[in-house]
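Encoded as structure tokens, the structure appears first; notes follow it.
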Amino acid sequence: MNTNSEIEARIKRLRDILNEQSYKYYVLNAPDISDIEFDKLMHELKMLEETYPEFYDANSPTVRVGSDITNTFEQVRHKYPMLSLANTYNENELYEFDKRVRKEITTPVQYVCELKFDGTAISLIYENGILKQAITRGDGTFGDEVTANVRTVKSVPLILHGNNYPSHFEIRGEIYMPHKSFERLNAEKEDIGETPFANPRNAAAGTLKLQNPQLVAHRGLDCFFYTLYGENLPYTSHYDTLQECKSWGFKVSEAMKRFSFIEEVIEYIHFWDKKRKTLPYDTDGMVIKVDSFAQQQLLGFTAKAPRWAVAYKFKAEQARTRLISIDYQVGRTGAITPVANLEPVKLAGTTVKRASLHNAEQIALLDIRIGDMVYVEKGGEIIPKIVGTDLSARDIFSIPVNYITCCPACGTQLVKVENEAKHYCPNQLHCPPQIVGRMIHFISRKAMNIDGLGEETIEMLYQNGLVHDIADIYSLKKEQLVILERLGEKSADNIINSIEKSKQVPFSRVLFALGIRFVGETTAKKIAKVVGNIDTLSSASKEQLLEIEEVGDKIADSILSYFSDETSIDLIKRLKVAGLNFSEYKKEPKSDILANKNIVISGVFNHHSREEYKEIIEEYGGKNVSSISSKTSFVLAGANMGPAKLQKAEKLGVSIIDEIQFLEMIQNR
């Protein structure tokens, strides 16, 4: 394979195979090659695209992982307004809807029932079978263009199957976050001391508006499609058109069904009102649409909604029970979370005994009092939460909750940081739950990955005085472990061997394992790559930290605070003596042409991705920085360079070069 035509053919073949396999995996749920085979093909394609950038394609399967392009979202006018649906909450209103429809339509009417997905609406535009644009609902007339983010959603086809689709059409759907992705995301947010999302809907909407497609790709969004707009559509009915969309590669819910009578519709609603609790994603109702496009046109629209469709909202499952008491939990970052202890009650198929109260503001807002009869729902069908109080059942002698002012574990006066919802215990060095929490975080799989040391074992080691901080883990001896309850020779050997093995963990994971507040797994990787070692990080100024991508004021201040603490400095020294890896491995530069140059990248490029240009800059001795300052050597600018960066560069007199000039600069060396 040495001619350009052969290379282009191989790249096209790989893209076809990978697109087909993505469709089978993410839409049909029926893959016919292994994950390893898929990854090998993806790796080959990525290598070929890097070597031969002239064959770049914005819709290549390799874009699924996302780049780190920072977008300023542009407002786009919808060709077809994205209207709301009229909501109904009872069956009588459905009968009224049916009566209005049949009064206007004299021919037989059929209805299509679809699940109402609880996510965020999206409109996709395709031209000649290729995804061109993705636009959020916005205000219904204008929405934000989020194409780069939507390309990372694996159930969204970038190139369509077959050839019987219209040359230009618009398809709408709901981007949502599956429960599994939501639970993982909230665990990550709690792990770095951030407030978790309230529900998957908020998480999906927030993710879609991130200005980093690489983060969007990591969060695991999905999408169902439910409406097609355009000319020369293949069928005259909504149901048949959506069935055809499946063959083009779109993910259409199998729950969509067609009925002739409203009684059948209501029966189907009853079925899904129970069945929805087993779904791996949220649905908050059903949408009922008149099937025929001709009949839809006759019925028309109101100013806000179509007359040929209605949304039936499921009643959130709710239980009434008594609030017995409130516990206050202390996290590893010192964050205090109030938890309600309830009289056990059945809710959505499970027995609920506890529910999160989030923070002091939430307790005050709901005016919750000990002994109240409270209403509990499962937020997003996952997390039990208290949504209200039965005031008619309140004891006249009840008193408002006085939120604690001191840490329940160590007695230290709590603090509340401005613009943060939670209270914190500042005694991080001597507060037992914080100490144990940091050690549990340190040994976790994404950090040091020390097998055998689970939460219970760490608790036991701490209670027995064998460990007081994370550095003590590296002083443990086998003879100390074998005498402990539930630990024998084999378990002790496994723990000691795993502790020793953890010394090979790369610097980025060690940095994450330290548990510096707000420094999550992804941020730790970015920081480690830029600073190179712990000594450079510990002596960095705030200005230098802010130049690192994804590091803002909050993270920079947290890092400065950590390294200004004598206990933290001593801890690092002890971990260094233990043999942990505090330096990032760096390739030797190909050249020093960019040595001592601070370079900012902005815009969209044709020959390489932004991530690839960052690697090239480092290979030639340069340093990537995220913000323009007087120390910036030049800006590597692509199309759609951010206007704020352009203005700042011009104001400071910083040079701006395009990618052709840049490539010539390094190639002429």
Side-chain angles (χ1 to χ4, degrees), residues 34-36 180 183-184 187-188 190-193 327 329-334 354 409-410 427-516 519-521 524-525 528 533-534 562 567-585:
S34 69
D35 290 349
I36 293 174
K180 190 174 180 180
E183 289 164 357
R184 173 175 56 79
E188 290 173 357
E190 288 175 339
D191 199 40
I192 61 172
D327 290 338
Q329 296 179 341
V330 187
R332 72 171 176 87
T333 63
R354 289 160 70 81
C410 68
N427 184 23
Q428 56 178 330
L429 300 181
H430 304 290
C431 182
Q434 293 188 60
I435 296 168
V436 172
R438 284 196 296 274
M439 286 192 279
I440 290 169
H441 168 74
F442 183 81
I443 65 167
S444 64
R445 184 176 59 83
K446 291 184 177 181
M448 302 307 291
N449 192 25
I450 301 177
D451 287 334
L453 281 182
E455 292 187 23
E456 289 184 6
T457 305
I458 287 290
E459 285 270 12
M460 186 165 53
L461 292 171
Y462 181 74
Q463 294 298 333
N464 282 272
L466 295 176
V467 292
H468 303 90
D469 56 36
I470 57 177
D472 284 342
I473 292 171
Y474 292 91
S475 300
L476 288 170
K477 302 287 189 291
K478 178 181 175 180
E479 52 267 29
Q480 294 174 305
L481 299 175
V482 292
I483 60 174
L484 296 175
E485 188 180 353
R486 298 189 306 277
L487 291 181
E489 293 268 349
K490 190 174 180 181
S491 295
D493 281 334
N494 180 43
I495 290 170
I496 295 299
N497 291 336
S498 189
I499 290 171
E500 188 63 28
K501 186 180 176 182
S502 73
K503 296 175 184 179
Q504 306 304 315
V505 164
F507 172 45
S508 62
R509 279 172 53 192
V510 176
L511 180 57
F512 171 57
L514 292 177
I516 301 171
V519 178
E521 183 186 7
K525 286 179 182 177
N533 59 69
I534 197 74
Y562 182 87
T567 305
S568 300
I569 294 169
D570 180 64
L571 190 73
I572 299 295
K573 287 178 182 176
R574 290 164 60 206
L575 291 172
K576 281 182 177 180
V577 171
L580 271 66
N581 186 1
F582 281 106
S583 294
E584 185 83 350
Y585 170 75

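What you see is a predicted model; the values in this text were computed from it and never measured.
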- [ ] State, to 0.1 Å, how close V482 and G488 come at their nearest heavy-atom pair, and which atoms those are.
- [x] CG1-O, 3.9 Å
Open item on the list: Do I572 and Y562 make a side-chain contact, defined as non-hydrogen atoms from C-beta onward lying under 4.5 Å apart?
Closed with: yes
Open item on the list: Is it the case that atom NZ in K478 sees more than 12 heavy atoms from other parts of the structure closer than 6.0 Å?
Closed with: yes
Open item on the list: For a quick test of reading the model, state the closest non-hydrogen atom pair linking A471 to L571 and the distance between them.
Closed with: CB-CD1, 3.7 Å
Open item on the list: Rounded at 0.5 Å granularity, tell me how far CD in E456 sits from CE in M460.
Closed with: 8.0 Å
Task: Q434 side, atom CD; T333 side, atom OG1 - distance, nearest 0.5 Å - done: 7.0 Å
TODO: Mind running side chain to side chain contact (heavy atoms under 4.5 Å, CB included) on L511 and I516 for me, showing each step along the way?
DONE: CA-CA 8 Å; L511 180 57; I516 301 171; 4.0 Å; yes
TODO: Would you please name every residue forming a salt bridge (charged side-chain N to carboxylate O under 4.0 Å, His left out) with D327, sequence neighbours left out?
DONE: R354
TODO: For residues Q428 and I435, report the shortest heavy-atom separation together with the two atoms involved.
DONE: O-CG1, 4.0 Å
Open item on the list: How long is the straight-line distance from NZ of K501 back to CG of N494, given to the nearest 0.5 Å?
Closed with: 10.0 Å
Task: Side chain to side chain, I443 and T457, heavy atoms closer than 4.5 Å - done: no
Open item on the list: Apply side chain to side chain contact (heavy atoms under 4.5 Å, CB included) to residues F512 and H441 and explain how you reach the verdict.
Closed with: CA-CA 9 Å; F512 171 57; H441 168 74; 3.3 Å; yes
Open item on the list: When you compare the side chain of L575 with that of L514, does any pair of heavy atoms fall below 4.5 Å?
Closed with: yes
Task: Pairs touching residues 454-474 that satisfy ring-ring contact (aromatic ring centres under 6.0 Å, His included), sequence neighbours left out - done: none
Open item on the list: Looking at D472 and R574, is there a salt bridge between them, counting it only when a charged N and a carboxylate O are closer than 4.0 Å?
Closed with: yes
- [ ] Grab the two heavy atoms, one from F507 and one from A528, that are nearest each other, plus how far apart they are.
- [x] CD2-CB, 3.6 Å
Open item on the list: Taking I495's backbone N and O only, do any of them form a donor-acceptor pair with S498's side chain (distance below 3.5 Å, no angle check)?
Closed with: no
Open item on the list: With a 4.5 Å cut-off on side-chain heavy atoms, are L476 and L461 touching?
Closed with: yes
Task: Side-chain heavy-atom pair L580, I470 within 4.5 angstrom cut-off - done: no
Task: I499 side, atom CD1; D451 side, atom CG - distance, nearest 0.5 Å - done: 11.0 Å
Open item on the list: If you define the side chain from C-beta out and look only at heavy atoms, does anything of T567 sit under 4.5 Å from D469?
Closed with: no
- [ ] Side-chain contact test, heavy atoms from C-beta onward, threshold under 4.5 Å: evaluate it for M448 versus V510 and give yes or no.
- [x] yes
TODO: Determine, for E183 against K180, whether the closest basic-nitrogen to carboxylate-oxygen distance falls under 4.0 angstrom.
DONE: no
TODO: First locate atom CD1 of I458, then atom CZ of R438, and finally report the distance between them rounded to the nearest 0.5 Å.
DONE: 12.5 Å
Open item on the list: Quick check: do S491 and D493 have side-chain heavy atoms less than 4.5 Å from each other?
Closed with: no
Task: Atom of K446, atom of E188 and distance for their closest heavy-atom approach - done: NZ-OE2, 3.2 Å
